[in-house]
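One structure below.
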Amino acid sequence: MLSPKRVKYRKQHKGRRKGTAYRGSSLNFGDFALQAVEDGWITDRQLEASRIAISRSIKRGGKIWIRIFPDKSITKKAAETRMGSGKGNPEFWVASINPGRILFEMNGVTREQAFEAFRLAGHKLPIKTRFLERV
C-alpha cells in the first residue's frame, strides 16, 4: 500500500474539507481522467484497488498517472478502551479529496477503453467521480 516513508508528525488533526480543489483540478499528463465530484477520504487500500482495476481493464496498455497520494494518518483507539487516555495509534493513511480533484489520468488507449477502466475504478472509491477527456 502507499504510505509516506517518513513524516514530521505521526498523528494529525482530522481537519475540515471545504471548498473546491484549485490545485490538481486540470488535465496535465494524459488525454483522459477520473475526477472527484464530492469530497472525502480515499484510503491507501481503496486507491490500490482502483489502480489494479484500471490496469487490468486496459490489459497493461497505455500509461496511468496517479495524481493523489495518501499522506494523512488516521488514528483509532483499540476496541473496548475507556474514554480519555489520549489519542489512538495511526491505523491507516488517507488522501483528503476536494471536489474537482483529478485522481487518475490515462494516455495511449481509446476513449471506450478509458471510460470502462475509470468506470470500474470509480466503483472501488467511496466518492462520486466523473470521466474527463481532453478536448
Side-chain angles (χ1 to χ4, degrees):
M1 302 299 141
L2 290 171
S3 65
K5 286 190 179 76
R6 50 190 296 272
V7 289
K8 191 167 186 179
Y9 299 107
R10 284 176 61 232
K11 300 174 182 179
Q12 294 185 18
H13 293 299
K14 280 191 176 143
R16 298 285 174 266
R17 294 176 304 273
K18 61 178 190 176
T20 57
Y22 62 96
R23 293 182 186 182
S25 59
S26 59
L27 217 61
N28 289 339
F29 301 102
D31 292 335
F32 309 104
L34 188 67
Q35 185 181 40
V37 177
E38 58 186 10
D39 63 349
W41 283 343
I42 295 180
T43 68
D44 50 352
R45 290 172 178 272
Q46 291 162 346
L47 193 60
E48 182 68 8
S50 54
R51 185 196 64 80
I52 290 169
I54 291 171
S55 62
R56 284 190 178 154
S57 174
I58 62 172
K59 308 270 194 304
R60 309 246 178 339
K63 179 152 176 55
I64 302 167
W65 288 269
I66 303 173
R67 295 281 307 272
I68 56 174
F69 187 80
D71 56 355
K72 181 187 194 71
S73 63
I74 301 300
T75 61
K76 275 194 177 169
K77 286 191 163 186
E80 300 178 10
T81 305
R82 292 185 175 187
M83 292 287 102
S85 72
K87 192 168 181 165
N89 292 322
E91 290 291 315
F92 55 94
W93 296 88
V94 299
S96 188
I97 304 298
N98 284 338
R101 179 73 194 216
I102 302 281
L103 308 176
F104 294 97
E105 289 191 36
M106 193 185 308
N107 204 358
V109 293
T110 64
R111 185 189 187 283
E112 291 73 27
Q113 284 177 315
F115 185 83
E116 179 63 16
F118 284 147
R119 185 187 69 81
L120 293 171
H123 289 309
K124 310 284 184 197
L125 299 173
I127 59 175
K128 290 180 185 171
T129 58
R130 69 177 179 177
F131 179 74
L132 289 183
E133 60 183 314
R134 195 181 297 278
V135 184

Identify the heavy atoms of [X] and [Y] that sit nearest to each other, and give their distance.
{"X": "Gly40", "Y": "Ile127", "value": "CA-CG2, 4.0 Å"}
{"X": "Ala114", "Y": "Val109", "value": "CB-CG2, 3.9 Å"}
{"X": "Ile54", "Y": "Ala121", "value": "CG1-CB, 3.5 Å"}

Practice task
Evaluate side-chain contact (heavy atoms from CB on, under 4.5 Å) for Asn89 paired with Arg10, printing each intermediate quantity in order.
Solution key: CA-CA 9 Å; Asn89 292 322; Arg10 284 176 61 232; 3.9 Å; yes
Under 3.5 Å, is there a donor-acceptor pair between the side chain of [X] and the main chain of [Y]?
{"X": "Glu133", "Y": "Phe32", "value": "no"}
{"X": "Arg67", "Y": "Arg101", "value": "no"}
{"X": "Ser57", "Y": "Ala53", "value": "no"}

A quick test of your reading: do over 12 heavy atoms of other residues, nucleotides or ligands sit less than 6.0 Å from [atom1] of [X]?
{"X": "Arg17", "atom1": "CZ", "answer": "yes"}
{"X": "Lys128", "atom1": "NZ", "answer": "no"}
{"X": "His123", "atom1": "NE2", "answer": "yes"}
{"X": "Arg134", "atom1": "CZ", "answer": "yes"}
{"X": "Lys72", "atom1": "NZ", "answer": "yes"}

Practice task
Take Arg51 and Glu48 through the salt bridge (Lys or Arg N to Asp or Glu O under 4.0 Å) test and state the conclusion after the steps.
Solution key: CA-CA 5 Å; Arg51 185 196 64 80; Glu48 182 68 8; 2.7 Å; yes
Practice task
Evaluate the ring planes of Phe131 and Phe115, with Trp represented by its six-membered ring, and classify them as parallel (under 30°), tilted (30 to 60°) or perpendicular (over 60°).
Solution key: perpendicular
According to a hydrophobic-cluster definition based on side-chain heavy atoms being under 4.5 Å apart (Ile, Leu, Val, Met, Phe, Trp, Tyr only), do [X] and [Y] belong together?
{"X": "Met106", "Y": "Ile102", "result": "no"}
{"X": "Ile97", "Y": "Trp93", "result": "no"}
{"X": "Leu27", "Y": "Ile64", "result": "no"}

Spatial distance of atom [atom1] ([X]) from atom [atom2] ([Y]) [nearest 0.5 Å]:
{"X": "Lys14", "Y": "Arg16", "atom1": "NZ", "atom2": "CZ", "value": "8.0 Å"}
{"X": "Ile66", "Y": "Ser50", "atom1": "CD1", "atom2": "OG", "value": "7.5 Å"}
{"X": "Leu120", "Y": "Ile52", "atom1": "CG", "atom2": "CD1", "value": "13.0 Å"}
{"X": "Ile58", "Y": "Lys63", "atom1": "CD1", "atom2": "NZ", "value": "10.5 Å"}
{"X": "Leu103", "Y": "Ile68", "atom1": "CG", "atom2": "CD1", "value": "4.5 Å"}
{"X": "Asp39", "Y": "Ser96", "atom1": "CG", "atom2": "OG", "value": "7.5 Å"}

Exercise for the section: Show your reasoning for whether side-chain contact (heavy atoms from CB on, under 4.5 Å) applies to Leu47 and Phe69. Expected result: CA-CA 9 Å; Leu47 193 60; Phe69 187 80; over 6 Å; no
Would you list the atom pairs, donor with acceptor, under 3.5 Å between side chains in residues 75-87 and any protein atom, with sequence neighbours excluded?
unit_1: Lys77; atom_1: NZ; unit_2: Gly84; atom_2: O; d: 2.4
unit_1: Lys77; atom_1: NZ; unit_2: Gly86; atom_2: O; d: 3.0
unit_1: Thr81; atom_1: OG1; unit_2: Ala78; atom_2: O; d: 2.6
unit_1: Lys87; atom_1: NZ; unit_2: Gln12; atom_2: O; d: 2.6

Practice task
Go through the steps for Asp31 and Asn107 under the test side-chain contact (heavy atoms from CB on, under 4.5 Å), then give the verdict.
Solution key: CA-CA 5 Å; Asp31 292 335; Asn107 204 358; 2.9 Å; yes
Practice task
Say whether Ser26 and Asn28, considering side chains only, have a donor N or O and an acceptor N or O under 3.5 Å apart.
Solution key: yes
Exercise for the section: For residues Leu34 and Leu125, determine if any side-chain heavy atom of one lies less than 4.5 Å from a side-chain heavy atom of the other. Expected result: yes
Handout entry: Thr129 vs Phe104, side-chain contact (heavy atoms from CB on, under 4.5 Å): CA-CA, chis, key distance, verdict
Key = CA-CA 11 Å; Thr129 58; Phe104 294 97; over 6 Å; no
Handout entry: Hydrophobic cluster (4.5 angstrom, side-chain heavy atoms) - remaining members for Phe92
Key =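 Trp41, Ile74, Val94, listed by chain and number.
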